[in-house]
Amino acid sequence: MAKTYDYLFKLLLIGDSGVGKTCVLFRFSEDAFNTTFISTIGIDFKIRTIDLDGKKIKLQIWDTAGQERFRTITTAYYRGAMGIMLVYDITNEKSFENIKNWIRNIEENASADVEKMLLGNKCELEEKRQVSKERGEQLAIEYGIKFIETSAKASIRVEEAFFTLARDIKAKMEKKLEASNPPKGGHQLKATEPQRKPTNWLSRCTLL
Amino acid sequence: MGDPQSGENSQYDLYLQEIEGVDDYWGPTFRAIYDNDQNVKFREKLDQRIQHHNKDIERLCNVYYQGFIEAIRELLEVRNHAKKLNGQVTTLDTQLHQAAKNISKSGNELLQARKVQSNIAVVIAQLNLCLPVLTSYSKLKKQIAEKRYYPALKTLEELEHSHLLHVANYRFSYQLRESIPKIRESIEKASMSDLKDFLENIRKFSPKIGEVAMKHTSEQLASDPTVIGRKKKRIAPQPSGDGVGHFSEEDLSAQELIDFSPIYRSLHISTVLNTRATFETYYRAERTKQARLVLQPPTNMHECEESYRAYIHAVLGFFILEDHVLNTGNGLITRAFLDEMWTMALSKIVSALQTHSAYCTDATLILRIKDLIMLFCTTLRNYGYSVKPLWELVRELRDHYTEVLMQRWVQVFREILSKEDFQPIQVYDLEEYEHILSSFPWDEDLPNDVVFPHKFPFSGMVPKVYQQVKEFIYACLKFSEDLNLSQVEVDEMIRKSMNLLLTRTFSGCLSSTFRSPHINLQEIIQIIIDTGYLEEATVYLDQFISNITGEESRGVSTGVVQGQPAMFRVAREDAVRQICEKLRQKLNEFYELESYDWLLGEPSGHASSYISDLIAFLQTTFQSFTNLPPEVAQVACKSACEHIANSMFQLLMNDEIKQISMGALNQINLDLLQCEQFAASEPVKGLQEDVLLSYFTKLRETLDLFTSWDWPTYFHDYGQETSKYKQVNPDDAIVLLEKLKEGDKKTMFTVLKKNERDKKKLLETVLKQLRQLTQITPNK
């Protein structure tokens, strides 16, 4: 079957319950917003194909439940993720403080080179703000990751956030490819499994 | 005379005497004298004598003169007297004349008067003869003028046969006689036109009559509910118990509002004129025409109740009048005629009402129409018309009403569902808590001390829908209110409608909710949970109906609440289907990410990442949705497995993939292994492992056959129950084999070793064999 994309990036959205992960994803995937709060159960995902520097990139974005009771289920998804969005709610101090815990979770469960990004959501609720932008930036710098304040409701910089993360992953991956594969290689390697090299499976060399 | 002479004297004397004595015969005397010659002497003597006589005369004269004077004197006196007398007589005469003049005048007058009198007597006699003619003629005129044609006709007859005969010789009587036929004709015409007026009049008036009749019936029904539906006699005089004898227009029975006299008159007249047959025909024809008009419903009748009312009133009025005419019209119309007309009318009424009510989408209007028809029926029955088809119509209308109600409730449900967030209800205080419990019967053990916020397992839709079903039941009931149905019927009807509402309407609404692309798995699951609660609540709805109808609850009487779970089964099944569908959509998304290298030389040694993700996702999902009822989870899981297996098989069979390498097949095998592992892992409680695995059997057998290249066994055991590869279809095998062949060509074109050639030959043989099988199979 002809492939419809060049790269597949798996992204993960984490953060406290109610910070708006699902809404951010909903905004990005369907460009819509739902006011009723429906707490995510377990895990869900959406797929959106974006065009980045002439490449078709499929983003499979996993939306996790923020609730504690699903923690074991959701952490299983850290491993496969190539990019993680850490989301907090700028009107909720607690969710910001918990980012540290989420980072720890990532360190424990995700692959080391996973691309991360910090999102301060609900930035349209300026009058209810509890976490200043500076504190967000401060935290991002501490962890050496990018930071964007978004609003899923007002559709502010959601798109930008995902594109930025995708672009970073793409850059990182292409660099890696170049390192392991001299550009001479005529065979396009699959982006999905760049790190997994064929293990010793009854190797039978037929070609070379 | 002297003496001396005496003797001579005496002779003379004699002669004188003789002359004196004799008057005339004097001749002899004178002869004698002359003869004697005496004549001289005699003359002397005669002179003497004459002297003497003179003297005598003189003396006499002297003597008599005195007397004469005296006489003259007396005469003069007499003359005076006579004159006097004459005057007196003349006066008397004039007086008499005067007096007599008046008398004679009166006499004349009297005469005249007598004459007149006798004339008058004659005239009176004649007039007496003519008078009856004239009086009856004038009576006739008056009667005609007063439109009392029948008496007029009678008068005319009398005039013609008894009066006019007596006065034949008058001009007027002649004229009268001449004009009689004309009058008769004009009476006929007039009575006909009267009839026409009457017909026109009743046509105008019949709606009013219908209205009044309906009003009476409704009053009667209101005052005596027990008479509903019972066969009653014509509107009887109000029971005397009323006390007050008020006889206004209100109390007149409907037909009394109309003056039927024109028709009776016309009928009498036509009878008299011997045109009764024509009259009857005319009347019937006219009424039939009118009936047709009356039965023609207004084109926009479905728009408002008023039109229905007007139509029904008109029809009713028409037939009330006709009934009255039948009863009083002395055979003007016959029972058969009326029955025939009624039968014709009934079918028209029914079809008109049917057609128009079918357009109606307003439940309230249908209710009103029903009431109208009911009243119509009762009234008609009071007048002895059979109304059976109308009852059937009402039944039909009831179905239509239910339909309309359903449509209305579709809106209600849609509204509820559109506002629904499909999240369990969360209440924050006791009041809210109590409110939920009061609006929805929930007999689960409630915790003694509720901690707020408290979560109910169902979403807000459940109590709302429950309430709405109750509302619906009330609405249904409204139709059957005075429908005169037995409680069993009402009960049955309501149950049927409720069933329909829940199985069709509500389910339909739920289904369209499922169709919404924005609904997610979680919401559908909540819907399933909700339907579970609604299902449990049907027992209460059942009781609720029983309370209303007084019928024993079906659920209790039959032991099993049969059919009631079915009310939500449809919705539930649909919801389950939707869950499966949503899951399938998610799975399809995974398949979008599939990136098989169909010419893969060596398999990676582990399952493709999309399959791993897919399996992980499924596992997570089934783990997370702890509130998913087990049987639903089982169905969903089965459907997911089936879909995975089918999708993978479809990948292999995909037309666009022309070549497949053995390596790729091995990779698929690895992926399948992963799936099989999942299937065997009991991802959902209560499923036997074989059930899920069975979905992968076909794929497994196919892959086994191709990877082990065990064609001899395949062909040997083909068609047998025990065959290892019994699910491998030769057609599919051909497709896959062709792909492998193509794949081989690409990779092997340089290597033309002997064993490769053998392999190729074998492949051709297998293909040939398979093709033979496919040709046999259809005949089997």
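All chains are named by letter (A, B, ...) in the order of the sequence lines, taking the proteins before the strands, and each is independently numbered beginning at 1.
The choice from B:Glu589, B:Gln623, B:Glu523 that makes the most heavy-atom pairs within less than 4.5 Å of chain A is B:Glu589.
With a 4.5 angstrom heavy-atom cutoff, B:Asp655 does not touch chain A via any of its atoms. Proximity to chain A (any heavy atom under 4.5 Å) is restricted, for B:Gln423, to the side chain, taken from C-beta onward. Of the two parts of B:Gln619, neither the backbone nor the side chain holds a non-hydrogen atom closer than 4.5 Å to a non-hydrogen atom of chain A. Looking at B:Lys658, neither its backbone nor its side chain comes within 4.5 Å of chain A, counting heavy atoms on both sides. With a 4.5 Å cut-off on non-hydrogen atoms, A:Asn34 does not touch chain B at all.
Between the OG1 atom in B:Thr620 and the CD1 atom in A:Ile41 there is a gap of 13.0 Å [rounded to 0.5 Å]. Remark: A:Ile47 CD1 to B:Lys586 NZ distance equals 7.5 Å, nearest 0.5 Å. The CG atom of B:Asp613 sits 3.5 Å away from atom NZ of A:Lys10, with the distance rounded to the nearest 0.5 Å. How far OG of B:Ser612 is from CZ of A:Arg79: 12.0 Å, rounded to the nearest 0.5 Å.
Taking the six-membered ring where the residue is Trp, A:Phe45 and B:Phe617 present perpendicular rings, their angle passing 60° and hence far from 30°.
Formation of a donor-acceptor pair under 3.5 Å by the A:Tyr5 side chain with backbone atoms of B:Leu593 is found in this model.
With respect to the salt-bridge test (charged N to carboxylate O, under 4.0 angstrom), the residues B:Glu592 and A:Lys58 qualify.
B:Phe678 meets the ring pair (Phe, Tyr, Trp, His ring centres under 6.0 Å) test with no other residue; sequence neighbours excluded.
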